[in-house]
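In what follows, a single structure is set out as structure tokens and then discussed.
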Number of protein chains: 2
Amino acid sequence: MRIGELAHAAGTTVRALRYYEQQGLLRPDRSPNGYRLYGGSQVTRVANIRLLLSLGLTATDIRAFLPCLGDDIAEGPVCPASAAVIARRLAEVDDRIAALDTTRTRLVDALARAGAEKLARAHEAPRARTTG
Amino acid sequence: MRIGELAHAAGTTVRALRYYEQQGLLRPDRSPNGYRLYGGSQVTRVANIRLLLSLGLTATDIRAFLPCLGDDIAEGPVCPASAAVIARRLAEVDDRIAALDTTRTRLVDALARAGAEKLARAHEAPRARTTG
DNA sequence: CTAAACGTTGACCCCGGGGTCAAGGTCAAG
DNA sequence: CTTGACCTTGACCCCGGGGTCAACGTTTAG
């Protein structure tokens with residue numbers, strides 16, 4: 001299949017596929033006229049790339065998944081080589097969450113000082129509901 | 001005082017101050033030779049701008065704070081005009097946190113499938129400790 | 001034959017908050 | 001006069017993930 005067909009099958013755009021290739025995530029064959037040619041398994045591969053991107057991994061990060069990028073990573077096992085990458089990203093996410101929690105507290109505080117006590121109280125600690 | 005002095009006093013850079021001005025957050029006088037001239041109160045103003053930026057507000061958002069940007073917003077009341085801006089930003093932060101929580105769960109899950117069970121368990125639910 | 005619908009590469013645009021030159025004006029001290 | 005520290009505006013660079021042209025080649029249908 002050619003790039004347009006793959007883009008359609010994978011629910012993305014031609015531009016994105018060329019970008020993934022530029023980032024070293026895809027290596028399509030070329031027909032004599034220069035067109036990119038993809039096999040059907042590349043649909044899964046592209047889906048995996050997009051899944052990992054949605055998790056906040058960068059294109060560079062995803063290169064660590066190359067050995068298992070053709071597998072069904074949403075369900076099955078992920079290649080061990082990527083564990084370090086995931087762990088690092090996880091740490092970043094934890095940091096981001098902690099920072100946002102701090103920010104949240106300060107915003108609620110500022111809201112209270114803005115004379116919007118009702119509004120502030122409504123937002124007081126909504127996240128507590130998720131654990132208690 | 002001139003821009004270099006203010007930058008030093010406010011703990012930031014000349015470039016940043018010019019950027020804030022470009023964004024409409026500062027309006028210094030000009031000396032006959034074109035140099036920017038700032039009063040001492042502008043130090044607080046710049047500190048406020050930087051505080052709000054650190055909370056994730058954008059330069060555009062901060063324009064809503066113009067009426068109270070000279071006050072001591074870290075301690076005293078914030079001008080009511082900015083309440084809506086803060087509330088909106090708060091909603092965004094809540095969304096971000098929720099999204100990151102989801103991402104976190106998926107990352108831990110992926111980590112487990114990567115054969116790094118110990119690592120995954122270590123990260124299992126560290127945020128639960130903050131509420132329980 | 002021709003037009004449409006594909007494909008190709010290359011290059012500029014976006015966002016946010018500035019960093020980092022470049023090229024030049026101004027002012028005090030030596 | 002000269003040096004050096006300060007100031008000015010303008011313009012390009014960064015990151016990530018592409019969007020959106022431009023200018024051109026190829027294939028397919030009528």
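In what follows, chains carry the letters A, B, and so on, assigned in the order in which the sequence lines appear, proteins first and then strands, with residues in each chain numbered from 1. These numbers were taken from a predicted model, which means no experiment stands behind them. Heavy-atom basis, side chains included; hydrogens, waters and symmetry copies ignored.
A:T102 places a side-chain N or O within 3.5 Å of a backbone atom of A:A98 that can act as its donor or acceptor partner. The backbone N or O of A:L37 sits nowhere less than 3.5 Å from a side-chain atom of A:D29 that would complete a donor-acceptor pair. Checking side-chain atoms of B:T58 against main-chain N and O of B:D61 turns up a donor-acceptor pair under 3.5 Å. Remark: the backbone N or O of B:E92 is not paired with any side-chain donor or acceptor of B:D95 at under 3.5 angstrom.
Mapping A:E21 and B:A59 onto DNA chain C by nearest heavy atom places A:E21 closer to the 5' end of the strand. Nearer to the 5' terminus of DNA chain C, by closest-nucleotide assignment, is the contact made by B:L57 (compared with the other of B:L57 and B:Y35).
Atoms CZ and CZ, on A:R36 and A:R30 in that order, are 4.0 Å from each other to the nearest 0.5 Å. Atom CZ in B:R89 sits 6.5 Å away from atom CG in B:L57 (nearest 0.5 Å).
Along DNA chain D, the stretch of nucleotides lying under 4.0 Å from any heavy atom of chain A spans, 5' to 3', D:dG17 to D:dT27.
Across the strands present, C:dT2 finds its partner in D:dA29; the criterion is a Watson-Crick or G-U wobble pair with both atom distances under 3.5 angstrom.
Separating the CE atom of A:M1 from the P atom of C:dG7 is a distance of 11 Å, rounded to the nearest angstrom.
The shortest distance between side-chain heavy atoms of B:Y19 and B:L26 does not fall below 4.5 Å.
For B:R63, the CZ atom counts as densely surrounded, since its 6.0 Å shell holds more than 12 non-hydrogen atoms of other residues, nucleotides or ligands.
Residues from residues 4-20 of chain B that place a heavy atom under 4.0 Å from any atom of DNA chain C, listed by number: B:T13, B:R15, B:A16, B:Y19, B:Y20.
The shortest distance between the side-chain N/O atoms of A:N33 and the OP1/OP2 oxygens of C:dG7 is not below 4.0 Å.
Using a 4.0 Å heavy-atom distance criterion, B:L37 is classed as making no nucleic acid contact.
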